[in-house]
Amino acid sequence: MIELKKAKNIFLNSENVLVVTHIDTDGLTSRAILQKVVERVNKDTEFLFLRQITKNSIQEVPKDFDTVIFADFGSGQISIIEDYFKDYNGNIIILDHHLIEKHPKNNNIIHVNPHLYNKETCGAGVCYLFAKEINKNWIDLAKYAVLGAVGDVQNLYGKLEGLNRVILKDAIFSGDIKVKSDLQLYGRYTRPLFVSLRYWSDVRTDLLNNDSNIISFINYINKKYNIDVNPTCYLSSLPYYIKKIIGNELLIRCLNYIPQNWIKYLPKLIFGESYELIFENYEHLKDLEEFSTCINACTRYSDYYTALDILIGEKKRYKKMLDNLKEHRNNLRKGLEHIQEIDIIEEKNFQYFKTDKIESNILGIIVSLSYSLENINWKKPLIGITETDYGYKISARCPRLLCLAENVNLGLTLRLASKKANGFGGGHKFAAGAFVKDDKAFINYIRNINFR
Ligand SMILES: [Mn+2]
């Protein structure tokens with residue numbers, strides 16, 4: 001990417017730099033990489049976290065730096081950035097991977113985005129490529145990019161691919177990350193196996209939320225294969241051949257619950273890879289999916305510095321992070337209880353709920369987790385709407401199978417629909433978000449489209 005070279009030259013020739021980053025796992029890992037980079041080149045730099053770039057929030061960005069770097073956002077907000085910086089004499093570097101709104105017209109904006117080359121990686125991946133442009137030996141930073149990619153669920157169908165795979169190889173080569181063939185269950189290091197199975201909701205079977213069915217399932221497997229899996233063991237402690245047996249049996253179990261033409265996509269949902277940090281001793285941080293949860297448990301509630309400390313290896317705040325995690329889980333549990341009590345409005349092509357009882361910062365997570373609830377139709381996208389000071393926050397999710405087998409694309413749907421409803425939005429096929437002024441116009445619009 002030619003833009004990386006330009007970005008590097010501008011960065012190295014700046015007297016002082018401001019780095020502005022997003023606040024999810026990918027944003028935090030972007031920040032960690034850029035923080036290490038400025039330390040290594042000894043650059044006078046200040047940092048700022050922003051929840052998102054809007055006409056309002058961008059006012060917080062000072063203009064008295066030679067260079068401003070935006071990481072893990074910016075590509076979707078080029079006109080806001082252009083407008084705000086129109087009489088600015090310095091340079092702007094955007095290191096992002098989100099959908100590109102338009103190409104910048106001023107040449108003081110260096111826009112680095114893998115989509116320009118039909119490639120895909122996360123924001124931290126772009127920051128990592130930027131770091132490597134400065135010094136190709138800095139492969140110790142690759143682990144952050146891999147964590148960013150996992151945080152952004154770029155391993156959607158079981159493993160990291162393309163540019164992410166290239167970065168993953170650096171992280172393996174530097175001795176930081178180990179890749180395993182693994183079951184796609186959450187909580188490999190911190191949950192008993194039966195709990196991981198309890199919440200596995202890619203396919204709704206009789207195992208979902210049903211511990212006694214899960215125990216009989218495991219007992220049945222033990223008998224059939226003459227093995228001895230304890231339902232309370234952790235997935236991470238099991239050898240691969242046992243995981244394979246469990247996965248095969250889980251697959252067979254699913255066959256009764258899905259249409260014939262979905263079956264071919266099943267293996268990808270059950271078998272894939274896991275990524276773990278080799279030298280990490282804290283069990284919550286060992287597996288990258290769980291590490292990402294820990295970061296969210298801090299940053300969603302604006303505790304950015306606990307997450308950042310943990311990321312850069314300063315473990316003094318581990319206890320604080322665990323407290324945050326506990327509180328986060330509590331909020332999620334309360335949110336899910338609430339979802340069970342309210343009306344879910346079912347339309348032909350989707351279902352939705354509207355509530356003022358769920359904070360917008362965790363709405364998306366709650367919508368995802370709702371697929372483990374009986375009152376949610378697991379074969380339709382689910383949309384959550386909540387009111388904020390600026391209008392309505394909308395989060396949409398759907399099971400991965402719907403994207404694979406039915407080609408559902410929520411990112412596209414929300415981008416179009418939010419425009420119709422006087423707002424903005426977008427995201428991924430299986431997960432997207434929007435802010436709109438008029439939630440009724442939004443719902444009316446999506447009633448009549450097919451989400452593909
Ligand atoms: Mn990102």
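As the structure lists them, so they are numbered: ligands from 1, and atoms in each ligand from 1.
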Side-chain donor-acceptor pairs of residues 154-163 under 3.5 Å, sequence neighbours excluded:
residue: Gln154; atom: OE1; partner: Cys122; partner atom: N; Å: 3.1
residue: Gln154; atom: OE1; partner: Asn164; partner atom: ND2; Å: 2.8
residue: Gln154; atom: NE2; partner: Thr121; partner atom: O; Å: 3.3

- Run the ring-centre check on Phe11 versus Phe130 and record whether the distance is less than 6.0 Å. yes

- Which pairs with one or both residues in residues 429-447 pass side-chain hydrogen bond (donor to acceptor under 3.5 Å, both in side chains), sequence neighbours excluded? Glu347-Arg447, Lys354-Asp439, Asn444-Arg447

- Item | Parallel, tilted or perpendicular: rings of His284 and Tyr318 (30°, 60°) | tilted

- Item | Tally of protein N, O or S atoms, where distance to the Mn ion (ligand 1) is under 2.8 Å | 4

- Query: Is it true that the NZ or CZ of Lys320 lies under 6.0 Å from the centre of Tyr305's six-membered ring and within 45 degrees of the ring axis?
  - Reply: no

- Query: Quick one: salt bridge (Lys or Arg N to Asp or Glu O under 4.0 Å) partners of Glu82, sequence neighbours excluded?
  - Reply: Lys102, Lys105

